[in-house]
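Chain naming here is simple, since letters A, B, ... match the order of the sequence lines and numbering starts at 1 in each.
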Amino acid sequence: MDFGFIRESIPLYVDAALLTARIALIGILLSGMIGFICCIIRVMRIPVLRQAAAAYIELSRNTPLLVQLFFLYFGLPRVGIVLSSEACAVIGLAFLGGSYMAEAFRSGMDAVSKVQIESGLSLGMKPMQVFFHIMLPQAVTTSIPVFCANIIFLIKETSVFSAVALADLVFVAKDLIGISYRTDEALLMLVIAYLILLLPISIICSLIERRVRYAEFGNAGVVSGH
Amino acid sequence: MKESSILQINHLKKSYEDGLAVLKDVSFSMEKGEVVVIVGPSGCGKSTFLRCLNLLESVDSGEILLNGKDILKDRKEAYAVRQKIGMVFQSYELFPHMTILENVVLAPCLVQKREKAQAVLEAEKLLERVGLLEKRDAYPRQLSGGQKQRAAIVRSLIMHPELLLLDEITAALDPEMVREVLQVVLELARDGMTMLIVTHEMEFARAVADRVIFMDGGCIVEENAPEEFFQYPKSERAKQFLNTFHYEALEI
């Protein structure tokens with residue numbers, strides 16, 4: 001193990017990690033928005049858009065990110081749309097993540113009982129008010145573990161970005177191996193880089209999970225009666 | 001049809017998609033300030049009937065006149081109608097992500113656009129009345145079933161409904177909590193609240209009702225003053241129904 005080499009290449013990994021993190025962040029935020037929009041379309045049963053959302057979700061979930069990226073990076077230029085590596089990565093991640101987030105919202109929405117909705121309606125609330133004040137807060141809380149799993153999954157999915165020539169972590173590692181033949185060091189650092197990126201998020205997620213449960217639904221320690 | 005009827009139902013019919021008729025031609029009317037209790041065996045359509053009145057179920061034909069206006073005609077008016085007809089559910093249905101106070105003030109602020117401070121003030125007054133003021137900042141999870149149901153009643157009351165529908169509100173409660181909830185309802189009755197109540201608590205029905213309606217097989221079979229109904233039921237089916245309760249009473 002050549003520690004001098006490792007020390008020298010740290011800045012490269014830091015840059016790549018920052019790039020990965022930035023794209024992951026934007027991609028995940030967009031995923032959440034797409035998921036939320038799909039969720040509204042489904043709950044409100046908007047015709048046409050509903051079928052479109054269903055088609056999108058199936059397309060997105062049933063094709064690998066790598067294939068989606070190839071389509072964006074190599075396919076679209078054929079019809080005159082040229083996107084940068086970064087744009088492809090963000091769009092690809094959002095396209096993939098959107099369906100996962102939509103499903104997370106949906107499972108949360110499904111968990112809200114019908115009578116909850118009716119009790120909102122019986123107070124004179126309109127469907128949109130029921131959606132935002134009764135369904136959504138409960139759905140999001142229920143789905144937080146799924147959101148967290150999705151976030152981690154999407155960050156890990158960024159490892160295929162090098163396929164569209166984006167200088168992410170995997171790209172840097174492969175580059176270093178190509179230049180210096182120091183495979184062990186380069187790959188070890190790759191593992192460590194991902195762990196540094198993901199472990200804190202994993203921990204924060206489980207903390208949020210616990211927090212929100214208590215804050216939203218009251219402390220389980222003082223339950224009495226039913 | 002009397003002039004003062006707050007609620008007048010004419011020939012209400014409803015069947016489910018599989019063709020099963022739940023309500024077969026139900027007609028009935030209620031005066032302002034009257035408390036009517038509906039009893040009957042499970043599946044007789046009494047809960048469905050209440051749900052129709054709150055426009056939670058669609059109906060096949062018939063009229064529901066609230067203060068002389070047919071609420072079935074304009075479905076867009078449903079939101080306005082539901083503000084006038086409060087409903088309390090068997091399973092309380094407090095919103096689990098809100099404190100008791102938030103549960104109570106949500107609809108007045110959101111639906112009736114009332115001022116928050118004023119709504120909170122009224123909510124506190126109502127909560128105090130049902131003995132829940134100290135629970136104002138608790139979450140539903142932290143309350144007992146009886147407390148939750150009292151809070152649910154308050155949540156309906158703050159909307160100032162002209163008519164309150166209570167759908168088996170003690171059916172999910174432990175026996176010792178039934179009383180505290182029914183006490184609240186008795187007090188409301190004394191204060192002149194117009195209520196239509198579905199219940200299996202016969203003693204309570206007797207105490208609270210101005211009139212008892214016995215439903216079976218989607219029809220109103222018998223309609224009578226509570227003393228008459230419970231002592232001398234006219235129809236054979238009502239007799240049988242009441243006998244089941246006596247049997248159960250002996251068993252306990």
How many angstroms lie between atom NZ of A/K126 and atom NZ of B/K76, to the nearest 0.5 angstrom?
->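 Interatomic distance, A/K126 NZ to B/K76 NZ, rounded to 0.5 Å: 11.5 Å.
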Hey, what do you get for CE (A/M135) to CZ (B/F95), rounding to the nearest 0.5 Å?
->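 Output value for this atom pair is 12.0 Å.
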For [X], which atoms come within 4.5 Å of any heavy atom of chain A: side chain, backbone, both, or neither?
X      : value
B/M87  : both
B/I85  : backbone
B/R155 : both
B/L94  : backbone

For the pair B/H97 (side chain) and A/H133 (backbone), establish whether a donor and an acceptor sit closer than 3.5 Å, ignoring hydrogens and angles.
->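 Confirmed, B/H97 side chain pairs with A/H133 backbone.
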Surrounding [atom1] of [X] (heavy atoms of other residues, nucleotides or ligands, distance under 6.0 Å), is the total greater than 12?
X      : atom1 : result
A/F74  : CZ    : yes
A/M33  : CE    : no
B/R114 : CZ    : yes
B/E176 : CD    : yes

Heavy-atom pair of closest approach, residues A/L123 and B/V111 |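 Taking every non-hydrogen atom into account, O-CG2, 3.8 Å.
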Residues of residues 112-120 of chain A with any heavy atom under 4.5 Å of a heavy atom in chain B =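 Residues A/S113, A/K114, A/V115, A/Q116, A/E118, A/S119, A/G120 are the ones that qualify, each having a heavy atom under 4.5 Å from chain B.
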